[in-house]
Amino acid sequence: MRKTTDVLIIGGGPAGLAAAMALGRMLRTALVCDDSRPRNAASSHANNLPGFDGIHPAEWRAKVRQELTKYKTVSFFDGAVLSVTGEDQLFVATLANGERRSFRKVILAHGIVDRLPEVTGFHELWGQSVFHCPYCHGFEVRGKRLGVVANGKFAEHLTPMVGALSADVILFTQGKSQLAPTTLATFQKRGFQIVESAITALEYKAEKLEAVICGPDLRFNRDALFLGPIPPLIMKSAIGETLGCEKNEMGFYKVDEMRRTTVPGVFAGGDIMSMAHSVAGAMAAGQMAGAGAVMELVTT
Ligand SMILES: Cc1cc2nc3c(=O)[nH]c(=O)nc-3n(C[C@H](O)[C@H](O)[C@H](O)COP(=O)(O)OP(=O)(O)OC[C@H]3O[C@@H](n4cnc5c(N)ncnc54)[C@H](O)[C@@H]3O)c2cc1C
């Protein structure tokens, strides 16, 4: 096996790349492993990203990787990390090319999987007319006929935000509404229509939503939908779970302010440890995970 590398970064999205930059700037050796399944792959614009608002996500990742070439202690492996064993100061990872490499610390930055309803249209329109977040894609559809697909507390959170972008909002609860009575009253006052029938199809043309269909008789003309998360949260890699990292009630890895998980030597950044699901949010958490790893490397 090669000489031990300071940090294994699992994931080369915003969180992993930001962690790599923090490590590179402090002359720590790091290997960023990425198997090319970025969460925003379906989207052609990364919005709400100061300095690069609207950039193509792939272009942004390529730009950061180019910037990282300046840091000679940071290297890349374009493939999956299959497993990690060991403990603080000596973790051993097996990579998809069969290589086994040793690391002192591990940063989990592998992101999450989006679960979509298994109904015609959701997969086809994901990132085009069906979105996960009004901050990321709401401005572009402001004033249009919008829908929210969620129920319970997610609906209570998401619907008023979408209502800030348009006066024409329908909430599709996909079953009996689980809204609190006070929320229901507020939604009615604000003019949000609530549809409890299950969605049976989305009608669309050229990746543009035209209507939401609920059974044989109900058709609602809509231009875009915002989809609440469908629990349980699914991680893109089970490595953190295998290492024993604990999760909170939402399914995110528990971390402290330095992004340390509950397993010594293992850090987490990005979508897997908080609800702040954005490129900038993931970068901030990844950068702090990198800083947390540096802190431990230089003090132990
Ligand atoms: C359709 C869509 C559009 C979006 N648009 C925006 C937007 O406009 N603006 C915005 O701010 N946010 C947007 N987001 C949210 C944003 O994409 C995420 O918050 C952000 O990408 C999270 O970064 P991350 O680094 O945590 O994870 P990811 O970006 O998902 O990156 C994780 C990386 O880890 C890799 N990986 C996973 N497991 C392994 C393994 N075992 N070995 C090696 N590599 C592995 C994956 O291949 C992936 O490349 C969007 C999300 C979606 C779903």
Side-chain angles (χ1 to χ4, degrees), residues 8-21 31-62 64-65 76-84 93-97 106-116 122-141 207 224-230 233-243 252-253 255 259 267-290:
L8 167 66
I9 302 175
I10 305 175
L17 293 173
M21 192 172 283
L31 179 69
V32 184
C33 299
D34 188 77
D35 65 0
S36 299
R37 292 175 291 146
R39 183 159 178 218
N40 51 8
S43 191
S44 44
H45 300 279
N47 299 312
N48 200 24
L49 181 57
F52 300 97
D53 192 26
I55 191 171
H56 194 291
E59 188 187 339
W60 181 85
R61 282 189 296 275
V64 181
R65 278 183 72 144
F76 286 87
F77 171 68
D78 290 323
V81 179
L82 299 183
S83 65
V84 178
T94 303
L95 309 185
N97 62 0
V106 175
I107 295 178
L108 306 172
H110 50 66
I112 62 164
V113 177
D114 286 292
R115 302 182 69 211
L116 306 181
F122 278 96
H123 286 273
E124 295 86 339
L125 297 177
W126 184 235
Q128 305 300 325
S129 293
V130 180
F131 305 109
H132 81 300
C133 160
Y135 288 97
C136 298
H137 298 284
F139 184 81
E140 285 66 30
V141 293
E207 295 187 336
L225 295 180
F226 291 86
L227 179 68
I230 301 176
L233 188 75
I234 302 174
M235 301 281 167
K236 267 188 215 144
S237 163
I239 288 171
E241 289 155 24
T242 311
L243 286 168
F252 295 111
Y253 284 120
V255 291
R259 308 298 179 251
F267 298 75
D271 284 358
I272 60 175
M273 40 62 71
S274 98
M275 273 298 279
H277 287 181
S278 69
V279 172
M283 281 165 73
Q287 186 183 68
M288 192 54 95

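Both ligands and their constituent atoms are indexed starting at 1 by order of listing. Numbering starts at 1 and runs along the sequence shown.
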> For atom 17 (O) of ligand 1, which candidate among Ile272, Ile239, Asn40 holds the nearest heavy atom?
Replying inline: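 The residue whose heavy atom sits nearest atom 17 (O) of ligand 1 is Asn40.
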
>> Heavy atom to atom 9 (N) of ligand 1, shortest distance: which of Ile10, Asn47, Leu227, Ile9 holds it?
In response: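 Selected option, by shortest heavy-atom distance: Asn47.
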
Part of [X] within contact of ligand 1 (heavy atoms, under 4.0 Å):
{"X": "Ser43", "value": "side chain"}
{"X": "Ala282", "value": "side chain"}
{"X": "Arg39", "value": "both"}
{"X": "Ser36", "value": "backbone"}
{"X": "His45", "value": "backbone"}
{"X": "Asn48", "value": "neither"}
{"X": "Leu82", "value": "neither"}
{"X": "Cys133", "value": "neither"}
{"X": "Asp114", "value": "side chain"}
{"X": "Tyr135", "value": "neither"}

Please state which protein non-hydrogen atom is closest to [atom] and give its distance, to 0.1 Å?
{"atom": "atom 30 (O) of ligand 1", "result": "Lys236 NZ, 2.6 Å"}
{"atom": "atom 31 (O) of ligand 1", "result": "Gly13 CA, 3.5 Å"}
{"atom": "atom 27 (O) of ligand 1", "result": "Gly111 CA, 3.6 Å"}
{"atom": "atom 34 (O) of ligand 1", "result": "Gly11 CA, 3.1 Å"}
{"atom": "atom 45 (C) of ligand 1", "result": "Asp35 OD1, 3.2 Å"}
{"atom": "atom 11 (O) of ligand 1", "result": "Val279 N, 2.8 Å"}
{"atom": "atom 3 (C) of ligand 1", "result": "His137 NE2, 3.4 Å"}
{"atom": "atom 20 (C) of ligand 1", "result": "Asp271 OD2, 3.8 Å"}

Could you give the distance from [atom1] ([X]) to [atom2] ([Y]), rounded to the nearest 0.5 Å?
{"X": "Ser278", "Y": "Asp271", "atom1": "OG", "atom2": "CG", "value": "8.0 Å"}
{"X": "His277", "Y": "Asn40", "atom1": "NE2", "atom2": "CG", "value": "12.5 Å"}
{"X": "Asp53", "Y": "Asn48", "atom1": "CG", "atom2": "CG", "value": "7.0 Å"}
{"X": "Arg259", "Y": "Met273", "atom1": "CZ", "atom2": "CE", "value": "4.0 Å"}
{"X": "Ile239", "Y": "Ile10", "atom1": "CD1", "atom2": "CD1", "value": "4.0 Å"}

Nearest non-hydrogen partners of [X] and [Y], listed with the distance:
{"X": "Tyr253", "Y": "Ala268", "result": "CB-CB, 4.4 Å"}
{"X": "Trp60", "Y": "Met283", "result": "CZ2-SD, 3.5 Å"}
{"X": "His132", "Y": "Trp126", "result": "CB-CH2, 3.6 Å"}
{"X": "Gly11", "Y": "Val32", "result": "O-CG1, 3.8 Å"}
{"X": "Leu108", "Y": "Ile272", "result": "O-CD1, 3.4 Å"}
{"X": "Val84", "Y": "Ala93", "result": "CG2-CB, 4.1 Å"}

Between [X] and ligand 1, is there a nitrogen or oxygen pair with a distance under 3.5 Å?
{"X": "Ala15", "result": "yes"}
{"X": "Trp126", "result": "no"}
{"X": "Val81", "result": "yes"}

> Given the rule in the side-chain contact (heavy atoms from CB on, under 4.5 Å) test, do Phe52 and Glu59 qualify, once you have shown the distances and angles that lead to the verdict?
Replying inline: CA-CA 10 Å; Phe52 300 97; Glu59 188 187 339; over 6 Å; no

> Are Leu8 and Phe77 side-chain neighbours, meaning at least one heavy-atom pair lies under 4.5 Å?
Replying inline: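 With C-beta onward as the side chain, the pair stays apart.
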
>> Are the side chains of Asp114 and Phe122 in contact, using a 4.5 Å heavy-atom criterion?
In response: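 Not touching, per the 4.5 Å side-chain cut-off.
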
Which atoms from ligand 1 have a heavy atom of [X] less than 4.0 Å away?
{"X": "His277", "value": "15 (C), 19 (O)"}
{"X": "Gly270", "value": "26 (O)"}
{"X": "Ser278", "value": "10 (C), 11 (O), 12 (N), 19 (O)"}
{"X": "Gly79", "value": "43 (C)"}
{"X": "Ala46", "value": "7 (C), 8 (O)"}
{"X": "Cys33", "value": "43 (C), 44 (N)"}
{"X": "Ala80", "value": "42 (N), 43 (C)"}

> So among Ile9, Leu95, Leu82, Asp78, which one has a side chain to side chain contact (heavy atoms under 4.5 Å, CB included) with Cys33?
Replying inline: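 Considering Ile9, Leu95, Leu82, Asp78, a side chain to side chain contact (heavy atoms under 4.5 Å, CB included) with Cys33 is found only for Leu95.
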
>> As a quick check of understanding, evaluate salt bridge (charged side-chain N to carboxylate O under 4.0 Å, His left out) for Asp34 and Arg65, giving each step before the final call.
In response: CA-CA 12 Å; Asp34 188 77; Arg65 278 183 72 144; 5.3 Å; no

> Hey, what's the ring geometry for His137 with Phe131, parallel, tilted or perpendicular (30° and 60° as the breaks)?
Replying inline: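 Parallel: the ring planes of His137 and Phe131 meet at under 30°.
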
